[in-house]
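Below is one structure, written out as structure tokens; the observations come after it.
In this text the structure is predicted, and so the values were computed from the model without any measurement. Side-chain atoms are counted along with the backbone in the values below, which use heavy atoms only and exclude waters and symmetry mates.
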Amino acid sequence: MKLRKVSGCEDKTCPTVYVSDRGTAVVQGDHVAGAEGLVLGEGETAVELPPEVILDAVSALVESGVSTDVVQRLRETLK
């Protein structure tokens, strides 16, 4: 899988969002364990991201021409 960074800082060890060549998103952030309401399946992990990292990723996806339906659903989810 090949990743393209779409938001985050220039440092390699900060919260970041990537888009893969498979059309999926990959996120990097601080590991979350044991938060109320969090239920993880086998092999899953949760990370915490600042909202601005997610919004910057949405903006980058818009600029790259991703489906407007996908962007609209993301915006509605983040409200």
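- Considering all non-hydrogen atoms of both residues, G29 and L49 come closest at CA-CD2, 4.0 Å.
- Minimum heavy-atom separation, M1 to S20: SD-CB, 3.4 Å.
- Using a 4.5 Å heavy-atom cutoff, the side chains of V53 and V17 are in contact.
- Nearest heavy atoms, L3 versus V26: CD2-CG2, 3.7 Å.
- Remark: the backbone N or O of C14 is paired with a side-chain donor or acceptor of T16 at under 3.5 angstrom.
- Across all non-hydrogen atoms, the minimal contact from D11 to K5 is O-NZ, 4.1 Å.
- Criterion: ILVMFWY side-chain heavy atoms under 4.5 Å apart, direct or through other members. Under it, I54 and Y18 are not part of a common hydrophobic cluster.
- Nearest heavy-atom pair across E44 and V39 is OE1-O, 4.5 Å.
- A donor-acceptor pair under 3.5 Å links the side-chain atoms of D21 to the main chain of K2, judged by distance alone.
- Within 6.0 Å of atom CD in E52, more than 12 heavy atoms from other residues, nucleotides or ligands are found, so the atom counts as buried in its surroundings.
- V32 places none of its side-chain heavy atoms less than 4.5 Å from the side chain of V47.
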